[in-house]
Every structure is written in C-alpha cells, then in structure tokens.
Number of protein chains: 2
Amino acid sequence: MAGNTTSEGRPDLAAMIVPLGRALVAAELPVLREHGLAMWAYAVLLGLDDEPVRTQAALARDIGADKTRIIGVLDDLAERGLIRRQPDPADRRARVLSLTPAGRRMRDAVRSAIQQREERLLARLPEEDRRGFLNALQALAALPPSEISGD
Amino acid sequence: MAGNTTSEGRPDLAAMIVPLGRALVAAELPVLREHGLAMWAYAVLLGLDDEPVRTQAALARDIGADKTRIIGVLDDLAERGLIRRQPDPADRRARVLSLTPAGRRMRDAVRSAIQQREERLLARLPEEDRRGFLNALQALAALPPSEISGD
DNA sequence: ACCTATGGTAGGCATCTGCTTATCGTAAGC
DNA sequence: GCTTACGATAAGCAGATGCCTACCATAGGT
C-alpha cells in the first residue's frame, strides 16, 4: 500500500471489523436456522450463560438489545421450554431468568457447531497472530461500550 | 453435563466482534457528523482510496453496499465536489469514479481523526496482542466474505 | 444484425432497529 | 401514606437495509 499519508498503513478498525462481523453473522445464520433459533434468541441463550439469575432489563443491557424488543424473544424461548421466567420472590416486579436443561443443551449444540466453523477460519492464521487476536478480542469485548466509543 | 464441549473457553467470535464493531461505529459517528459525512459516504471515500478508476457496481461490491443504494450517496458526494464521476471513454455505460483533491483532504482528515481515537483504544493492549490483533484483522478483512461464511 | 450480459438509475417492499410514549404493578425513600 | 423510581409490557414511528423489478443505453460475442 503506497499512498498513505496517515500514520500507519492500516485501514480503520471499524472498516475491517464491521464487514468481518457481517460475514461471521452470515456464517452463523444457517446453523441457527437449523436449530430454529433467531439471532436475538441465540444472544439471549448466550447472555444467560450458566449464570444463576437476572432481570430482563439487565439481560437486555448485557446483550445490547432493547428491553422492549426482547420481550417477544423471551416469550418464544419460554414457550419452547428453553428458558424459565419465574417471578422473583424478593422483588415481585422482576422475572428471574434462567436456562432450562433443554436451553443449555441447545446453547451448547449451537455454540459448538458455530465454533467449529470458526476454528477452520482461525486455522488460517499464524499461531502468534491467532493468539494475540483472541487475547485482544476478549479484552476489548470485555470493555463497556462507553469505554470504546467515548473514551 | 460437560459445560464446555468445545476446545477452549472463549465466546463466539461473532459475539465479541459484532458488539465491538457497533461500539467502534458509534465512536465514529460524531467525527463523521462534524464533517457532514454519512457512514456510507465515508465508506465510499475509503473505497476510492487513491486508486485511479472504477465502476459504480465494482465500488458497491468492494464496500459491501447495494449498487442501487449508493447512487444517491454518489450524487451527493459529486455535488459537494468530493468525488468526480466521469463517463468512461472506453465504455460509455460506465462512470469512472475518483476522489477530487477536496475529497482526498476530507478522507484524510476524517480518517486521521478516527484513527487517533482508535490508537487510544489499542494502547490498552499489550504490545504482542496488539500486533497479532492487527495482523489477524488485516488478514481476515482481506478475505472475500464467502471464504468466511461458507468455507 | 442479433442476442445476451452488464452498467446506471428509479421505485418499491418487507424487515429490522433504535427510540419514544403510555400503562400497570410494585419498591423504596420521605 | 404519598411521591418518585423501576420493571415488564404494548404499540408505534422513523430511518436504514437487503433485495427485487423494471428500464434504458451500451458492449461483446456470434
């Protein structure tokens, strides 16, 4: 790359990451459809990952969803027996969310199918890059969005 | 029940990358707004990066846009004197696209403002991770989407 | 010359997304 | 007890997006 007047010869992070994300999502969709899950439903299963309890608003915040929009998703998952939504005895406004055993199985099945595909992709990378990539990704993903946007 | 049937204890790539991308885009928006650019307009400026000529359909493919949807964006950019859209003497159907000097300046200004923010983020990473991250990212971003999705 | 493919453009549709408003029951502070 | 805040829910709006159809001018192969 020759004519780069800017600091380094790399494109914007977002310009690389967003299309990558799009492609990864596209790769997941067939897997999700096979299991009859929509993307947001899968995000919910991941968001409830083994952790004991929650409240719907907190779940929504965690997975970056709108609290009014996941209601239908939760309804569907509950109907299908993948999650439990029990009233919280301590706060009768709230519904405690948890995965059922079936939900856990579903999550594991889908996740391992997805990660299997991803491994094929990561296998293209040299060992050190792959390592740094995953480390950095986990570090950045752990940051609250505000730290990334409005530092 | 084995909690993690898969190799490592990492979340899905997409589950980390997509939110990261969202946050990075959110970080870019204020910068873009300051310069009066919409996201797709910026994508076009980046897509024309110094390269001499093109055709609108190819541009659209390159930046992952719909060819019928960038027309308005191109109209706008041309009106503002940021890009040139000349008929190709060799193929009178096509319009050769290029950045004007003003377009180049705009692109550079926005890009450096954006990358400056990104540097602050990358500074949080240990040197080796940062390196591997950027290497891997560039390698993956260079792959055609089909190689990522339907390996 | 003819047929087929491609580039640019317009128009439209179905969907998703972020956001807002309103309602209701309940918690918690005063 | 009253007021304010919060959780769950319903309903809806405005904008963006992917995708499709149609149309015309032109290229390119035969």
Side-chain angles (χ1 to χ4, degrees), chain A residues 14 18-19 21-23 25-30 32-33 37-44 47-48 53-79 83-98 145-146 149, chain B residues 14 18-19 21-23 25-30 32-33 37-44 47-48 53-79 83-98 145-146 149:
Chain A
V18 172
R22 258 199 270 275
V25 166
E28 291 192 0
L29 286 181
L32 291 175
R33 191 158 7 238
L37 284 183
M39 185 55 84
W40 281 118
Y42 180 52
V44 165
L48 293 178
V53 293
R54 299 260 190 132
T55 146
Q56 293 184 190
L59 206 219
R61 217 178 313 116
D62 287 356
I63 66 177
D66 186 290
K67 77 172 182 172
T68 75
R69 287 213 170 270
I70 56 166
I71 294 179
V73 177
L74 296 177
D75 288 345
D76 178 57
L77 288 173
E79 259 178 43
I83 67 171
R84 229 185 317 262
R85 186 155 49 161
Q86 310 158 305
D88 181 347
D91 182 342
R92 294 202 313 214
R93 295 171 301 180
R95 310 295 186 83
V96 179
L97 302 171
S98 56
S146 55
S149 308
Chain B
V18 172
R22 257 199 269 275
V25 167
E28 291 192 0
L29 287 182
L32 291 175
R33 194 163 7 241
L37 284 183
M39 184 56 84
W40 280 120
Y42 181 53
V44 166
L48 293 179
V53 293
R54 299 263 188 129
T55 145
Q56 294 184 190
L59 207 218
R61 219 179 311 115
D62 287 355
I63 66 177
D66 187 290
K67 78 169 182 171
T68 75
R69 286 214 170 268
I70 54 167
I71 293 180
V73 178
L74 296 178
D75 289 346
D76 179 57
L77 288 173
E79 258 178 43
I83 66 171
R84 229 186 315 263
R85 187 156 47 162
Q86 311 158 304
D88 182 348
D91 183 341
R92 294 203 313 216
R93 295 172 300 180
R95 311 296 185 83
V96 179
L97 302 171
S98 55
S146 55
S149 308

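Numbered from 1 within each chain, the chains take letters A, B, ... in sequence-line order. Since the structure is predicted, the reported quantities are computational estimates derived from the model, not experimental observations.
- For A:Trp40, no side-chain nitrogen or oxygen approaches OP1 or OP2 of C:dC16 to under 4.0 Å.
- A:Arg85 is listed as a side-chain neighbour of A:Gln56, based on a closest heavy-atom distance under 4.5 Å.
- Counting only heavy atoms from C-beta outward, the side chains of B:Arg84 and B:Leu97 never approach each other to under 4.5 Å.
- Rounded to whole Å, the distance from CG on A:Asp75 to C1' on D:dA11 is 15 Å.
- Separating the CG atom of B:Asp88 from the C1' atom of C:dG8 is a distance of 13 Å, rounded to the nearest angstrom.
- Following rounding to the nearest Å, A:Met39 (CE) and D:dT17 (P) show an atom-to-atom distance of 18 Å.
- Computed from coordinates, the B:Ile70 CD1 to C:dA10 C1' distance equals 15 Å when rounded to whole Å.
- Of the inter-residue distances, the one linking A:Leu29 atom CG with A:Met39 atom CE reads 5.0 Å to the nearest 0.5 angstrom.
- Between B:Arg85 and C:dT9 there is a side-chain N or O to OP1 or OP2 distance below 4.0 Å.
- Between the CZ atom of B:Arg95 and the P atom of D:dA27 there is a distance of 13 Å, given to the nearest Å.
- Between B:Gln56 and A:Asp91, the residue anchored nearer the 5' end of DNA chain C, judged by the nucleotide with its closest heavy atom, is B:Gln56.
- Interatomic distance, B:Ile83 CD1 to B:Ser98 OG, rounded to the nearest 0.5 Å: 8.0 Å.
- Using a 4.5 Å cut-off on side-chain heavy atoms (C-beta onward), B:Val18 and A:Arg22 make no contact.
- When the P atom of D:dC6 is taken as reference, atom CG of A:Leu59 falls 19 Å away, rounded to whole Å.
- Residue A:Arg93 has its side chain nearest to C:dA27 when only D:dA8, C:dT9, C:dA27 are considered.
- Heavy-atom distances to DNA chain C give each of A:Ala90 and A:Thr68 a nearest nucleotide, and the one nearer the 5′ end belongs to A:Thr68.
- In this structure, CZ of B:Arg61 is placed 10 Å from P of C:dT6, rounded to the nearest angstrom.
- Not a single donor-acceptor contact under 3.5 angstrom links the side-chain atoms of A:Arg92 to the base of C:dT26.
- Counting atom types as modelled, B:Arg69 pairs a side-chain N or O with a base atom of C:dG12 as donor and acceptor under 3.5 Å.
- Atom CD1 of A:Ile71 is separated from atom P of D:dA11 by 11 Å (rounded to the nearest Å).
- OP1 or OP2 of C:dG8 sits under 4.0 Å from a side-chain N or O of B:Thr55.
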